[in-house]
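Note sheet for the following structure.
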Amino acid sequence: MDLLRRALVVAVLLVLVAPVPASGSTRCGADVPGLAPVVVETGAVRLHAVVGGPPEAPPVVLLHGFPETWRTWRTAALDLAADHRVLVPDLRGAGCSGFGPVPDPDARALAGDLAGLVTALGVGPAVVVGHDMGAMPAYAWARSRPDQVRHLVLSGGGVPGRGLEELAPPHVAAFAAAPPGRLAAEVAGHEREVLAGFVGDPAVVASGSLDDAVRAYSAPGRYDAAMGRYRALPRDAARNRLDPGPLAVPATALEGGAPGISAATLPGADVVVVPGAGHYLQEDRPHETAAAIRAIAGRA
């Protein structure tokens with residue numbers, strides 16, 4: 001019976017975890033040596049991710065924001081992979097991950113995706129870094145599954161219902177208020193111009209991440225899926241207000257240049273600043289950002 005049970009487990013994992021097809025290798029990031037692409041069926045959505053580093057090393061999960069895909073982390077991820085097991089997914093609706101069964105998924109839904117991803121891949125309790133719009137699912141994941149998140153790190157993103165609404169740049173409220181499909185229709189055919197103006201960071205252009213973003217968010221349905229995450233922020237805020245207690249895991253605000261929205265909406269967290277970096281600290285100072293995450297992981 002034990003042999004049969006083990007055989008069934010192996011068979012299930014072979015179905016759940018598969019390499020990315022060659023046709024998607026460039027767009028999905030299989031062209032980055034040292035980071036291996038995988039696709040995982042979580043039950044709710046098909047997630048694309050890359051993994052790197054020794055399988056038994058302490059795990060770190062890196063979450064992107066908007067207008068990003070996993071590739072914004074590639075340099076920092078390769079640095080961390082020297083001594084950590086690094087997992088970098090495309091969040092639901094972004095990059096090469098699926099859209100899922102419902103429109104405008106909230107942070108709790110994305111946290112469920114991530115819980116399924118690490119379970120399928122056998123990744124132990126991880127240091128989880130949520131950048132920009134990746135901060136919301138990172139926070140929800142730490143709330144709902146402290147057994148999977150051993151240290152929460154927010155970077156350039158805040159917690160809805162904890163002051164984000166008052167401190168966020170104006171585009172956050174504007175994106176949240178726009179009806180489904182409207183902004184995507186306005187942007188169609190002008191993705192490069194719009195995203196270049198939105199990012200405004202020379203390092204993002206120089207690294208190729210702007211090209212990545214234009215390619216990713218020009219694909220059918222991808223831009224509106226990103227806007228759907230903003231439309232879900234009021235639901236995230238309402239849920240967080242209903243659960244005002246402290247996190248069950250330690251937390252750090254990792255900021256570029258100076259303490260900002262992450263520190264302000266995560267009271268009691270440690271604050272670590274990457275000098276010389278801006279909002280896109282993983283692009284501006286990727287190795288310094290990796291060093292900061294490494295130090296946080298070491299303390300965790």
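Side chains included, hydrogens not; waters and symmetry mates left out as well; all remaining heavy atoms used.
- In this structure the side chain of M227 never reaches within 4.5 angstrom of the side chain of P180, judged on heavy atoms.
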Starting from the C-alpha separation in whole Å, work towards a yes-or-no answer on side-chain contact (heavy atoms from CB on, under 4.5 Å) for V214 and S218. CA-CA 6 Å; V214 172; S218 297; 3.9 Å; yes
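- Between P67 and V199, some side-chain heavy-atom pair lies under the 4.5 Å cut-off.
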Please report the C-alpha distance between W141 and L110 in whole Å, then the side-chain angles of each, then the deciding distance to 0.1 Å, and finally whether the side-chain contact (heavy atoms from CB on, under 4.5 Å) criterion is met. CA-CA 8 Å; W141 191 12; L110 271 63; over 6 Å; no
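- The line from CG of L80 to OG1 of T75 is 11.0 Å long, rounded to the nearest 0.5 Å.
- By the rule that hydrophobic residues join a cluster once side-chain heavy atoms approach within less than 4.5 Å of another member, V40 and L91 end up as members of one cluster.
- If you chain together hydrophobic residues whose side chains sit under 4.5 Å apart, V88 and V204 never meet in one group.
- Listed for the Y217 side chain is a donor-acceptor partner under 3.5 Å among the backbone atoms of E68.
- L247 contributes atom CG, which lies 6.5 Å from atom CG of L266 (distance to the nearest 0.5 angstrom).
- Of all the heavy atoms in M136 and A107, the pair that sits closest is O-CB, 3.6 Å.
- Here L210 contributes atom CG and E191 contributes atom CD; the two are 11.5 Å apart, rounded to the nearest 0.5 Å.
- A distance of 11.0 Å separates CG in D211 from CG in L195, rounded to the nearest 0.5 Å.
- The pair R162-D236 fails the salt-bridge criterion, with no side-chain N (NZ, NE, NH1 or NH2) lying under 4.0 Å from an Asp/Glu carboxylate O.
- With hydrogens and angles ignored, the 3.5 Å screen pairs a side-chain donor or acceptor of R222 with a backbone N or O of G93.
- Between the side chains of Q282 and T72, a donor-acceptor pair is found at a separation under 3.5 Å.
- A donor and an acceptor atom, one from each side chain of H279 and D132, are located under 3.5 Å apart.
- In this structure the side chain of T289 reaches within 4.5 angstrom of the side chain of W73, judged on heavy atoms.
- In this structure the side chain of V50 never reaches within 4.5 angstrom of the side chain of V32, judged on heavy atoms.
- By the 4.5 Å heavy-atom criterion applied to side chains, R74 and S209 are counted as neighbours.
- Here H171 contributes atom NE2 and Y230 contributes atom OH; the two are 4.0 Å apart, rounded to the nearest 0.5 Å.
- Clustering of Ile, Leu, Val, Met, Phe, Trp and Tyr side chains at separations under 4.5 Å places V273 together with V271.
- Side-chain contact between Y223 and V194 is present, with heavy atoms from C-beta onward closer than 4.5 Å.
- Note on D90 versus R46: no salt bridge recorded, every NZ/NE/NH1/NH2 to OD/OE distance being 4.0 Å or above.
- No continuous path of hydrophobic side-chain contacts links V153 to L164 [ILVMFWY only; heavy atoms under 4.5 Å].
- For CD of E166, the number of neighbouring non-hydrogen atoms (other residues, nucleotides, ligands) closer than 6.0 Å is greater than 12.
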Give the intermediate values and the outcome of side-chain contact (heavy atoms from CB on, under 4.5 Å) for residues V127 and R150. CA-CA 6 Å; V127 173; R150 70 185 183 103; 3.9 Å; yes
Under the side-chain contact (heavy atoms from CB on, under 4.5 Å) rule, what do L254 and L281 come out as? Steps first, then yes or no, please. CA-CA 9 Å; L254 178 61; L281 74 176; 3.8 Å; yes
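- For the pair V61/P89, a side-chain contact is recorded, criterion being any heavy-atom separation below 4.5 Å from C-beta on.
- In this structure, T265 contributes its side chain and V159 its backbone to a donor-acceptor pair below 3.5 Å.
- The two residues G156 and E255 make their nearest non-hydrogen contact at N-OE1, 3.9 Å.
- Of all non-hydrogen atoms in D106 and A232, the two that sit nearest each other are CA-CB, 3.8 Å.
- Heavy atoms from other residues, nucleotides or ligands lying under 6.0 Å from CD of E186 number more than 12.
- Of the possible donor and acceptor atoms, none in the side chain of R229 sits under 3.5 Å from a partner among the backbone N and O of D104.
- In the hydrophobic cluster analysis, where Ile, Leu, Val, Met, Phe, Trp and Tyr join through side-chain heavy atoms closer than 4.5 angstrom, Y280 is grouped apart from V272.
- Looking only at distances, a side-chain donor or acceptor of T69 sits under 3.5 Å from a matching main-chain atom of R71.
- In this structure, Y139 OH and L154 CG are separated by 9.0 Å, a value rounded to the nearest 0.5 Å.
- The hydrophobic cluster containing L47 does not contain F99, counting ILVMFWY residues as joined when their side-chain heavy atoms lie under 4.5 angstrom apart, directly or transitively.
- You'll find the side chain of T119 reaches within 4.5 Å of the side chain of Q148, heavy atoms only.
- In this structure, A81 and P54 approach most closely via the heavy-atom pair O-CD, 3.4 Å.
- Sparse packing is recorded around CZ of R108, with 12 or fewer heavy atoms of other residues, nucleotides or ligands lying under 6.0 Å away.
- In this structure a side-chain-to-backbone donor-acceptor pair under 3.5 Å is present from R85 to G53.
- Contact detail for V249 and P146: the closest heavy-atom pair is CG1-CB, 3.7 Å.
- Closest of all the heavy-atom pairs between A203 and E283 is CB-O, 3.8 Å.
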